[in-house]
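Take a look at the structure below.
In this text the structure is predicted, and so the values were computed from the model without any measurement.
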Amino acid sequence: MIAPMIAAPILVFLIFVAPIWLFLHYRSKNKISEGLSVEDKEQFRALADKAEQMRDRIRTLEHILDAEHPNWRRMD
């Protein structure tokens with residue numbers, strides 16, 4: 001009585017779910033192993049350039065604040 005109740009969900013899982021699951025799993029592993037695409041590399045370079053610009057701007061602002069308000073870093 002219990003065996004058919006357990007066997008049916010296991011068969012459904014093995015026939016339908018497991019193959020799709022394995023296919024999607026190994027497809028994603030393959031994409032990860034390929035590395036970054038050309039578009040991803042370009043986007044990464046653009047983000048790195050923007051980060052450099054922001055760093056330069058922050059340094060400039062800190063220099064201005066240091067000149068105008070020497071104790072600004074210690075303000076609570």
Partners passing side chain to side chain contact (heavy atoms under 4.5 Å, CB included) against Arg57 (at least two apart in sequence or in another chain): none
Sequence neighbours excluded, every pair satisfying salt bridge (charged side-chain N to carboxylate O under 4.0 Å, His left out) that has a member inside residues 42-51: none
Contacts of Glu39 that satisfy salt bridge (charged side-chain N to carboxylate O under 4.0 Å, His left out) - sequence neighbours left out: none
Determine all donor-acceptor pairs shorter than 3.5 Å in which one atom belongs to a side chain in residues 7-26; sequence neighbours excluded.
none

Closest non-hydrogen atom pair, Trp72 against Asp66: NE1-OD1, 2.7 Å
Residues in salt bridge (charged side-chain N to carboxylate O under 4.0 Å, His left out) contact with Glu62, at least two apart in sequence or another chain: Arg73
Test side chain to side chain contact (heavy atoms under 4.5 Å, CB included) applied to Asn71 - qualifying residues, sequence neighbours left out: Arg74
Pairing residues for Arg55 by the salt bridge (charged side-chain N to carboxylate O under 4.0 Å, His left out) criterion, not counting sequence neighbours: Glu52
Contacts of type side chain to side chain donor-acceptor pair (under 3.5 Å), residue Asp40, not counting sequence neighbours: Ser37
Connected-component partners of Leu47 among ILVMFWY, side-chain separation under 4.5 Å: none
